[in-house]
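Below is one structure; the comments refer to it alone.
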Amino acid sequence: MSIDWNDYACEGFYDELVEAPGRGRDCVDGLLQDLEDLGHDELVARQEAADVAIKEMGITFTVYSEEGGAIDRTWPFDIIPRIIPQSEWTRVEAGLRQRVQALNLFIDDLYHDQHIIADGVFPADVLAKSVNFRPQCVGVDPPLGIWAHICGSDLVRDGDGTLYVLEDNLRVPSGVSYMLENRLVAKRVFPELFEHYAPLPVDDYPSQLFDTLAALSPRPADYPEVVVLTPGIYNSAYFEHAYLAQQMGCELVEGRDLFVDDDDCVYMRTVDGAARVDVIYRRVDDLFLDPEAFRPDSALGVPGLLRAWKAGKVALANAPGAGVADDKVVYAFVPEIIRYYLDADPIIPNVPTYRCMDPESLAYTLEHMEELVVKPANESGGYGMLVGPASTKAERERFAELIKKDPRNYIAQPALKLSTVPTIIGRKLEPRHVDLRPFILSADRQQVTMGGLTRVAMRKGSLVVNSSQGGGSKDTWILPDCTKD
């Protein structure tokens with residue numbers, strides 16, 4: 001069975017590969033022909049080979065069911081890549097660097113003099129009601145003045161081809177291990193395409209991450225002691241914690257493996273005795289990090305850890321309190337934040353956003369809920385939001401009451417016509433909606449992944465790409481030496 005791109009129906013949406021029936025976008029005409037030459041049967045066989053490889057490699061994620069149980073699932077991966085020209089990516093990379101630089105300045109300002117509030121650019125009421133602002137961090141000066149060392153910003157493309165930032169993840173962003181594993185599997189499946197198209201590499205991320213963490217060390221050393229702190233095997237991202245620790249050559253530890261001594265230094269329990277730890281890449285949420293400073297009932301953290309961090313004896317990435325900017329209401333102010341700290345316009349725009357805390361925006365949101373996506377300030381994973389066009393009247397009425405009860409906790413955005421990529425569904429190629437999560441590293445320098453994790457809404461018509469809700473993923477190819485109109 002052969003592929004006929006004239007039959008590929010992507011009307012009404014911007015497709016990342018197919019510009020019009022039978023015609024690919026810049027850089028991908030040859031790829032469409034190569035896929036067509038392979039034919040459906042061979043593509044399906046290679047998809048099956050990829051599925052087997054993922055099982056053999058043990059690439060999994062955990063979904064928590066409504067019954068309270070945890071289900072370990074094989075990572076969903078579609079072999080048709082998402083293509084981005086390097087000429088476009090150069091601008092995207094600059095925009096991500098700009099955004100994270102401004103957000104780090106913003107976080108540092110909030111925990112010090114709060115100039116942005118005094119100057120009337122950012123409302124004091126928004127900060128006062130922030131669930132992620134940590135008073136325990138006020139006045140702390142983290143190494144290099146950086147709070148969010150690892151950031152994952154989600155990008156989406158609308159129907160006219162405009163690329164937007166949908167949200168920023170600055171607390172404990174996840175997904176980079178799947179970006180790396182997707183590339184390994186894709187190379188197995190399409191070795192001839194990699195040889196011909198030579199997408200720019202992503203496999204240097206673990207070394208970049210280690211260098212970022214090492215730059216934070218409070219002790220001068222050629223090879224500081226860096227550890228990855230995980231909540232344990234039952235965490236949904238445990239595969240990633242173990243993977244990154246292994247790739248960096250670092251110890252993977254739980255809270256019980258560490259202790260803070262009388263000298264305010266952090267030590268790791270080893271068979272050879274206590275070993276001092278310089279940098280902790282923590283994958284544990286703020287409130288569970290230190291039972292002395294946050295939740296006293298936490299068994300996941302390390303007593304005295306915040307004290308050691310404040311004393312400058314250990315570095316934490318991301319810094320506690322960085323999540324104050326990981327708030328969808330704060331997101332709505334990022335264009336103003338960029339202009340305030342950098343005196344520049346945003347390179348990548350926000351999705352148009354209605355702040356329900358503003359009376360006019362609240363009224364508009366309540367009147368147009370059928371057309372909007374309504375999001376709470378601090379939910380993630382696609383949970384807790386209303387997709388207006390797919391909602392029932394009862395759901396909209398329930399959400400309207402929630403919004404009116406706490407307007408500060410909600411934003412609304414138009415339901416974008418998210419771009420699509422051809423995806424293997426059964427024995428057919430069908431368009432499925434995608435987003436993209438690049439990762440930005442910040443320490444003594446900034447580095448941006450060459451592409452990122454493309455997430456796919458595998459259900460027809462769905463805009464929810466999260467793996468916990470049935471989403472899948474694709475490899476992302478940044479292709480050099482091609483242009484984009």
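Only this structure's heavy atoms are used, side chains among them; waters, hydrogens and symmetry mates stay out.
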Do [X] and [Y] sit within salt-bridge range, that is, some charged N less than 4.0 Å from a carboxylate O?
{"X": "Arg82", "Y": "Asp475", "answer": "no"}
{"X": "Arg355", "Y": "Glu336", "answer": "yes"}
{"X": "Asp327", "Y": "Arg408", "answer": "yes"}
{"X": "Glu401", "Y": "Lys405", "answer": "no"}

Sequence-distant partners of Gln246, side chain to side chain donor-acceptor pair (under 3.5 Å), two or more places apart: none
Under 3.5 Å, side-chain donor or acceptor atoms of residues 411-421 against the rest of the protein: list the pairs with distances, not counting sequence neighbours.
residue : atom : partner : partner atom : Å
Gln413  : OE1  : Lys375  : NZ           : 3.0
Gln413  : NE2  : Thr353  : OG1          : 3.2
Lys417  : NZ   : Gly12   : O            : 2.8
Ser419  : OG   : Glu16   : OE2          : 2.7
Thr420  : OG1  : Asp15   : OD1          : 2.7

Does [X] use its side chain to pair, donor to acceptor, with the backbone of [Y] at less than 3.5 Å?
{"X": "Thr476", "Y": "Gly452", "result": "yes"}
{"X": "Arg432", "Y": "Ile424", "result": "no"}
{"X": "Asn318", "Y": "Leu170", "result": "yes"}
{"X": "Ser130", "Y": "Leu127", "result": "no"}

Result block: side-chain N/O donor-acceptor pairs under 3.5 angstrom for residues 357-373, not counting sequence neighbours:
residue : atom : partner : partner atom : Å
Thr365  : OG1  : Ser361  : O            : 2.8
His368  : ND1  : Tyr364  : O            : 2.9

Where at least one partner belongs to residues 137-151, residue pairs that pass side chain to side chain donor-acceptor pair (under 3.5 Å), sequence neighbours excluded: Asp108-Trp147, His112-Asp141
I need the minimum non-hydrogen distance between [X] and [Y], along with the two atoms involved.
{"X": "Ser153", "Y": "Leu96", "answer": "CB-CD2, 4.0 Å"}
{"X": "Gly301", "Y": "Ser298", "answer": "N-OG, 3.5 Å"}
{"X": "Pro201", "Y": "Met450", "answer": "O-CB, 3.4 Å"}

The complete set of ring pair (Phe, Tyr, Trp, His ring centres under 6.0 Å) pairs with one or both residues in residues 279-300, sequence neighbours excluded, reads none
The criterion is salt bridge (charged side-chain N to carboxylate O under 4.0 Å, His left out); which residues satisfy it with [X], sequence neighbours excluded?
{"X": "Glu397", "result": "none"}
{"X": "Asp297", "result": "Arg295"}
{"X": "Glu181", "result": "none"}
{"X": "Asp435", "result": "Arg455"}

Salt bridge (Lys or Arg N to Asp or Glu O under 4.0 Å) contacts touching residues 301-311 (sequence neighbours left out):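 Qualifying pairs, neighbours excluded: Asp264-Arg307, Glu292-Arg307.
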Enumerate the residue pairs fulfilling salt bridge (Lys or Arg N to Asp or Glu O under 4.0 Å) with a member in residues 116-128, sequence neighbours excluded, ordered by first and then second residue.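 Every pair satisfying salt bridge (Lys or Arg N to Asp or Glu O under 4.0 Å) with a residue in residues 116-128: there are none.
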Aromatic rings Tyr178 and Trp75: how do their planes relate, parallel, tilted or perpendicular, breaks at 30° and 60°? parallel
For Phe122 and Phe106, take the angle between the two ring planes, folded into 0 to 90°, and tell me which bin it lands in: parallel under 30, tilted 30 to 60, perpendicular over 60. perpendicular
Take His433 and Phe13 through the test ring-ring contact (aromatic ring centres under 6.0 Å, His included) and record every step on the way to the result. CA-CA 9 Å; His433 297 292; Phe13 298 100; 4.7 Å; yes
Other residues, nucleotides, ligands: >12 heavy atoms within 6.0 Å of Arg445 CZ: no
Under 6.0 Å between the ring centres of Tyr410 and Tyr354? no
Set of side chain to side chain contact (heavy atoms under 4.5 Å, CB included) partners for Pro143, sequence neighbours left out: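 Once residues adjacent in sequence are excluded, the partners of Pro143 under the side chain to side chain contact (heavy atoms under 4.5 Å, CB included) criterion are Leu216, Ala315.
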